[in-house]
Amino acid sequence: MSRRNAVSTISVLGEVAEVQMGYPFRSRLEHEPLGDVAVIQMKDIDDTNLLHPEQATRVTLPHGKARHLLRTGDLVFRSRGRSNGAAHVVKELGPAVLAAPMLLVRPRKVLPEYLCWFLNAPSTQAQLAAVAEGTSVRMISAEALKSLPVPVPPLDLQRRIAEISALAQQEHTLLAEIAALRQRLATHLLMKLAHPSPERATQ
């Protein structure tokens, strides 16, 4: 047995996580300021796959739908559109549901942080693109997602991978902020050169 096989196994996503369709609202969502449930939609996930529930639409959900409520550790997966990334529910949202056609991924035998990293990895995104259905609008079905092969290393290695990924993302964010500040500074200095002070103009 190789060292790789000794420390990691290959499963399909449906074996290590529950996958289900988001709540199927029958009509267009109308915001209710006093609604008791926040509805997470694709607009609430940014391009870096971070969840922003602050501006989520609120509704009053019928009784008996508690099984649809999101939990800390869940992943919300964009099943349609140009990006099929996943966002991790890292903190308690209060009563909230995921709206169809998004998919809810609830890890059972793998760390949520690790699975989120894996789903968002470029190689995994390429695999998902290969099984996407549709022409004008790409869609990943729940069955296709369940069939996705997932490497499952030991928990300590999953944790290390997730931590390194988080640090790399923080570095990327900081470098982008530094680049933006440098650009602003350069623009400011160049504008000063383009608009010399009256004292310089008389020299």
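The first residue of the sequence shown is numbered 1, and numbering continues consecutively from there. These numbers come from a predicted model, not from an experiment. Note: hydrogens, waters and symmetry copies are ignored here, and every other heavy atom, side chains too, is used.
- Both Leu119 and Leu157 are part of a single hydrophobic cluster, where members link through side-chain heavy atoms under 4.5 Å apart.
- Ion pairing between Lys146 and Glu143 holds under the 4.0 Å rule for side-chain N and carboxylate O.
- Residues satisfying the side-chain contact (heavy atoms from CB on, under 4.5 Å) criterion with Gln55, sequence neighbours excluded, are absent altogether.
- Counting non-hydrogen atoms of neighbouring residues, nucleotides and ligands closer than 6.0 angstrom, the CG atom of Asp156 exceeds 12 such neighbours.
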Passes side-chain contact (heavy atoms from CB on, under 4.5 Å), Arg78 versus Met102? Steps please.
CA-CA 5 Å; Arg78 287 180 285 197; Met102 296 185 71; 3.9 Å; yes
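- Applying the salt bridge (charged side-chain N to carboxylate O under 4.0 Å, His left out) test to every pair with at least one member in residues 94-104, sequence neighbours left out, gives no pairs at all.
- In this structure, Glu54 has no salt bridge (charged side-chain N to carboxylate O under 4.0 Å, His left out) partners at least two apart in sequence or on a different chain.
- A 4.5 Å side-chain heavy-atom check between Phe118 and Leu13 finds every atom pair outside the cut-off.
- Within the 4.5 Å cutoff, no side-chain heavy atoms of Asp44 are placed close to those of Pro53.
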side-chain contact (heavy atoms from CB on, under 4.5 Å) assessment of Leu115 paired with Val150:
CA-CA 8 Å; Leu115 187 56; Val150 178; 4.2 Å; yes
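- Put simply, CG on Leu51 and CG on Leu93 are 6.0 Å apart, with the number rounded to the nearest 0.5 Å.
- The shortest distance between side-chain heavy atoms of Val76 and Ile45 falls below 4.5 Å.
- Closest approach of His88 to Pro112, counting heavy atoms only: NE2-CB, 3.5 Å.
- Atom OG1 of Thr187 is separated from atom CZ of Arg182 by 14.0 Å, given to the nearest 0.5 angstrom.
- Expressed to the nearest 0.5 Å, how far OG of Ser79 lies from CE of Met21 amounts to 6.0 Å.
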Walk me through whether Leu193 and Met191 qualify under side-chain contact (heavy atoms from CB on, under 4.5 Å).
CA-CA 5 Å; Leu193 291 174; Met191 289 299 291; over 6 Å; no
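- Side-chain atoms of Leu145 and Phe77, non-hydrogen and from C-beta on, do get closer than 4.5 Å to each other.
- Between Ala99 and Val39, the shortest heavy-atom distance links the atoms CB-CG1, 3.6 Å.
- The salt bridge (charged side-chain N to carboxylate O under 4.0 Å, His left out) test with Asp74 singles out one residue from Lys91, Arg106, Arg108, and that residue is Arg106.
- Nearest heavy atom pair, residue Ala86 against residue Cys116, reads O-SG, 3.5 Å.
- Closest approach of Pro153 to Ser8, counting heavy atoms only: N-OG, 3.7 Å.
- Within the 4.5 Å cutoff, the side chain of Pro101 has no heavy atoms near those of the Met139 side chain.
- Residues Thr57 and Gln41 share a closest heavy-atom pair of OG1-NE2, 3.4 Å.
- Leu50 and Met42 fall into different hydrophobic clusters, where Ile, Leu, Val, Met, Phe, Trp and Tyr are joined by side-chain heavy atoms under 4.5 Å apart, directly or via other members.
- In this structure, Lys109 NZ and Thr9 OG1 are separated by 10.0 Å, a value rounded to the nearest 0.5 Å.
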Before giving the answer on side-chain contact (heavy atoms from CB on, under 4.5 Å), spell out for Val152 and Gln158 the whole-Å C-alpha distance, their side-chain angles and the decisive distance to 0.1 Å.
CA-CA 8 Å; Val152 184; Gln158 292 180 37; 3.7 Å; yes
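- Between the side chain of Glu92 and the backbone N or O of Gly94 there is at least one donor-acceptor pair closer than 3.5 Å.
- Cluster membership for Leu148 and Val12, using ILVMFWY side-chain heavy atoms within less than 4.5 angstrom, is not shared.
- No path of Ile, Leu, Val, Met, Phe, Trp and Tyr side chains, each step under 4.5 Å between heavy atoms, connects Leu104 with Leu128, placing them in separate hydrophobic clusters.
- Taking NE2 from His52 and CD1 from Ile40, the interatomic distance works out to 11.0 Å, rounded to the nearest 0.5 Å.
- Taking every heavy atom of both residues into account, Val131 and Ala144 meet most closely at CG2-CB, 4.3 Å.
- Taking the side chain as every heavy atom from C-beta outward, Val97 and Leu70 never approach each other to under 4.5 Å.
- Counting heavy atoms from C-beta on, the side chains of Glu18 and Val105 never come closer than 4.5 Å.
- Under the 4.5 Å side-chain heavy-atom criterion for Ile, Leu, Val, Met, Phe, Trp and Tyr, Leu155 and Leu75 are members of the same hydrophobic cluster.
- With contacts defined as side-chain heavy-atom distances shorter than 4.5 Å, the pair Tyr114/Pro107 does not qualify.
- Atom-to-atom distance recorded for Ile161:CD1 and Glu113:CD is 12.5 Å, nearest 0.5 angstrom.
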